[in-house]
There are 2 protein chains.
Amino acid sequence: MEYINSHILERELKKGSAELLILSLVESRPRHGYEISKLIERRSEGAVRFNVASLYPLLYRLEKRGWIDGRWVEKAGQRRRRYYRLTPEGRKILAAQRRGWQAFAAAVNRIAGVEHA
Amino acid sequence: MEYINSHILERELKKGSAELLILSLVESRPRHGYEISKLIERRSEGAVRFNVASLYPLLYRLEKRGWIDGRWVEKAGQRRRRYYRLTPEGRKILAAQRRGWQAFAAAVNRIAGVEHA
DNA sequence: GTTAATATATTCCATAGCGATATATTGTGC
DNA sequence: GCACAATATATCGCTATGGAATATATTAAC
């Protein structure tokens, strides 16, 4: 199933939702970058895909802002991974971003005339 | 009502939805740039706002791609306005973008754990 | 021993949003 | 008659950033 130019729309939309998606995924438990990218791909059924060149710099930005907190975990028989967990500050931001997303999605649905999206 | 950092989310998200919103607004009848920007602001209740430096170049792009068709209208007692109407090609793109938006919004809702957004 | 999958990382380029600014016209209040 | 706000279109220049390409390292599979 391939929509005409749908990839353009998705590419652009993805940008704004990236933070919300990442924060949401590390809400329940710490996760590492690769896991996050794979989760987004699977759960969105391909509608959202992250380029590593976007994902990792974004994780650094979120950490620098104090919204997530990363620490290296070394395990025998595994590559070292950096697990990120949500900080209290990040939890507040996540709540705000959820509200922002809902307001935005509602507005787009209203204007674009999309019923029960 | 001001959400923490919500402007960041909105700024980014806007990019991807801009085309969808504009195409939707010129679907029913031709409209000019200023009218489009005001309509988006009003109908979104402030959740989406267009900077003129984004709006006009975007209109030119859409026209260049053949999705909308603009023509100048001069009226006594009014500044000249450029009215844009949706082309048949634009109509197809709009339908595809609506589907793309729905798929995207559904994916974000699923991942971000937003209920009935 | 070669390939694929996992996992993190960076460089470079093109795109594009937006603040600032400009121009022109019409309507309103004083 | 004049200042000001609203309408309407337009562009310059800065900056952010997304993504292709590429690199490195480890483990599993064949």
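Values below: all heavy atoms of this structure, side chains included; hydrogens, waters and symmetry mates excluded. Throughout, a chain's letter reflects where its sequence line sits, starting with A, and its residues are numbered from 1.
- Atom C1' of nucleotide C:dA9 and atom CZ of A:R61 are separated by 15 Å, given to the nearest angstrom.
- The distance from atom CG of A:L58 to atom C1' of C:dT10 is 16 Å, rounded to the nearest whole Å.
- Rounded to an integer number of Å, the gap from NZ of A:K38 to C1' of C:dA4 is 12 Å.
- Spacing between atom CG of B:L55 and atom P of C:dC18 amounts to 11 Å, rounded to whole angstrom units.
- Whole-Å rounding puts the B:R31 CZ to D:dT7 C1' distance at 17 Å.
- Distance B:K75 NZ to D:dT7 P: 16 Å, rounded to the nearest Å.
- Put simply, the side chain of B:R98 gets close to the backbone of A:A112: a donor and an acceptor are under 3.5 Å apart.
- Note: CG (A:L59) to P (D:dG19) measures 14 Å, nearest angstrom.
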*Apply salt bridge (Lys or Arg N to Asp or Glu O under 4.0 Å) to A:R71 and A:E63, showing your working.*
CA-CA 11 Å; A:R71 70 178 234 281; A:E63 186 173 19; over 6 Å; no
*asked:* Using side chain to side chain contact (heavy atoms under 4.5 Å, CB included), reason through A:R80 and A:E74 one step at a time and then give a plain yes or no.
replied: CA-CA 5 Å; A:R80 66 174 196 164; A:E74 315 238 6; 3.9 Å; yes
*Sugar-phosphate or base contact per nucleotide [nucleotides 8-13 of chain D; S, B, -; heavy atom under 4.0 Å]*: BBBB--
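- Judged by distance alone, the side chain of B:R85 and the main-chain N or O of B:G70 form no donor-acceptor pair under 3.5 Å.
- Taking 4.5 Å as the limit, some side-chain heavy atom of B:I36 sits within range of a side-chain heavy atom of B:L59.
- Across the protein-nucleic acid pair, A:E74 atom CD and C:dT6 atom P stand 20 Å apart, rounded to whole Å.
- A cation-pi arrangement is present between B:R65 and B:W67 under the rule of less than 6.0 angstrom and at most 45 degrees off the ring axis.
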